[in-house]
S.K.: 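Just dropping this structure here.
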Amino acid sequence: MMQTGSCSFGLWKVIVSWEGNVVYQVQFVRTAPEGPVPVQFTKFLAGRVDSFDPLVSAAVSGDNAYSRVYAAVSKIPYGETRTYREVALVADTHPRVVGNAMARNPTSLIVPCHRVTASDGTLGGFTPDLQIKRDLLKMEGKKKRG
DNA sequence: AACGACCATTATA
DNA sequence: TATAATGGTCGTT
């Protein structure tokens with residue numbers, strides 16, 4: 001059965017909904033219902049692990065543009081970044097569509113949308129607060145390329 | 001089914 | 001700095 005819980009990242013709460021190894025929702029929110037989450041989340045947000053294995057995002061299933069984008073983003077290694085353009089090439093779509101998909105990413109962290117940045121060297125966006133993206137990349141010790 | 005607006009983009013000048 | 005081109009989704013009709 002589906003379970004929902006939350007953990008903390010700085011001032012933010014991370015709400016997690018999952019069933020077995022499939023994660024349906026990961027969102028940064030101000031307030032969230034209390035409850036346990038899979039240990040992968042607390043460890044990741046503490047910088048103790050670099051993967052969510054064996055958890056997977058429900059968003060990568062299917063065969064549409066968004067799921068291809070989510071699958072491509074999921075392959076970006078910890079600590080590295082790719083541009084919207086680079087992701088678009090891999091997913092066979094347009095950079096703008098990658099932006100759309102990231103804005104609607106239902107499973108942040110599992111699909112590491114914080115590792116997707118703009119071609120001009122700026123960060124791009126992050127919902128609900130760009131500072132979260134900065135903090136996550138800082139925590140991962142952002143390197144360059146791959 | 002068709003259309004227009006929206007967007008976390010990018011290339012060009 | 002501004003603008004055109006771009007593609008997928010979503011609401012409206």
S.K.: Is A/Val39 isolated, or which residues cluster with it under the ILVMFWY side-chain rule of less than 4.5 Å, directly or via members?
M.R.: none
S.K.: How long is the straight-line distance from CG of A/Asn64 back to OG1 of A/Thr93, given to the nearest 0.5 Å?
M.R.: 10.5 Å
S.K.: Please list all pairs meeting salt bridge (Lys or Arg N to Asp or Glu O under 4.0 Å) that have one or both residues in residues 22-35 of chain A, counting only residues at least two apart or in different chains.
M.R.: none
S.K.: What residues join A/Val29 in its hydrophobic cluster, counting side-chain heavy atom gaps under 4.5 Å, either direct or through other members?
M.R.: A/Ile15
S.K.: Under a single-linkage rule joining Ile, Leu, Val, Met, Phe, Trp and Tyr whose side-chain heavy atoms are separated by less than 4.5 Å, which residues share a cluster with A/Met1?
M.R.: none
S.K.: For the OH atom of A/Tyr70 and the CD1 atom of A/Ile110, what is their distance to the nearest 0.5 Å?
M.R.: 13.5 Å
S.K.: Please report the closest heavy-atom contact between A/Ala58 and A/Tyr24, naming both atoms and the distance.
M.R.: CB-CD2, 3.6 Å
S.K.: Can you give the first and last nucleotides of DNA chain C, 5' to 3', that have an atom under 4.0 Å from a heavy atom of chain A?
M.R.: C/dA5 to C/dC10
S.K.: How are the rings of A/Tyr78 and A/Phe44 set to each other: parallel, tilted or perpendicular (split at 30° and 60°)?
M.R.: perpendicular
S.K.: Taking both distances under 3.5 Å as the test for a Watson-Crick or G-U pair, what stems of at least three pairs does DNA chain B have?
M.R.: B:1-7 with C:7-13, B:9-13 with C:1-5
S.K.: For residues 97-121 of chain A, pull every pair meeting salt bridge (Lys or Arg N to Asp or Glu O under 4.0 Å), keeping only residues two or more places apart or in separate chains.
M.R.: A/Arg115-A/Glu140
S.K.: Distance-only check: which donor-acceptor pairs under 3.5 Å involve side-chain atoms of residues 2-14 of chain A, not counting sequence neighbours?
M.R.:
unit_1: A/Thr4; atom_1: OG1; unit_2: A/Ser17; atom_2: OG; d: 2.9
unit_1: A/Ser6; atom_1: OG; unit_2: A/Pro33; atom_2: O; d: 2.8
unit_1: A/Ser8; atom_1: OG; unit_2: A/Lys13; atom_2: NZ; d: 3.1

S.K.: So which of residues 59-68 of chain A are in contact with DNA chain C, with a heavy-atom cut-off of under 4.0 Å?
M.R.: A/Ala65, A/Tyr66
S.K.: Please list all pairs passing the salt bridge (Lys or Arg N to Asp or Glu O under 4.0 Å) test where one or both residues lie in residues 39-59 of chain A, with sequence neighbours left out.
M.R.: none
S.K.: Which atoms of nucleotides 8-11 of chain B (N or O only) lie under 3.5 Å from a protein N or O atom, and what are those distances?
M.R.:
unit_1: B/dA8; atom_1: N7; unit_2: A/Thr127; atom_2: OG1; d: 3.2
unit_1: B/dA8; atom_1: N6; unit_2: A/Met102; atom_2: O; d: 3.3
unit_1: B/dA8; atom_1: N3; unit_2: A/Tyr84; atom_2: OH; d: 2.8
unit_1: B/dA8; atom_1: N3; unit_2: A/Gly125; atom_2: O; d: 3.2
unit_1: B/dT9; atom_1: N3; unit_2: A/Arg96; atom_2: NH1; d: 3.4
unit_1: B/dT9; atom_1: O4; unit_2: A/Arg96; atom_2: NH1; d: 3.0
unit_1: B/dT10; atom_1: OP1; unit_2: A/Arg85; atom_2: N; d: 3.1
unit_1: B/dT10; atom_1: OP1; unit_2: A/Ser119; atom_2: OG; d: 2.7
unit_1: B/dT10; atom_1: OP2; unit_2: A/Ser119; atom_2: N; d: 2.9
unit_1: B/dT10; atom_1: O5'; unit_2: A/Ser119; atom_2: OG; d: 3.4
unit_1: B/dA11; atom_1: OP1; unit_2: A/Arg85; atom_2: NE; d: 3.0

S.K.: For A/Asn100, enumerate each residue passing the side chain to side chain donor-acceptor pair (under 3.5 Å) test, keeping only those at least two apart in sequence or located in another chain.
M.R.: none
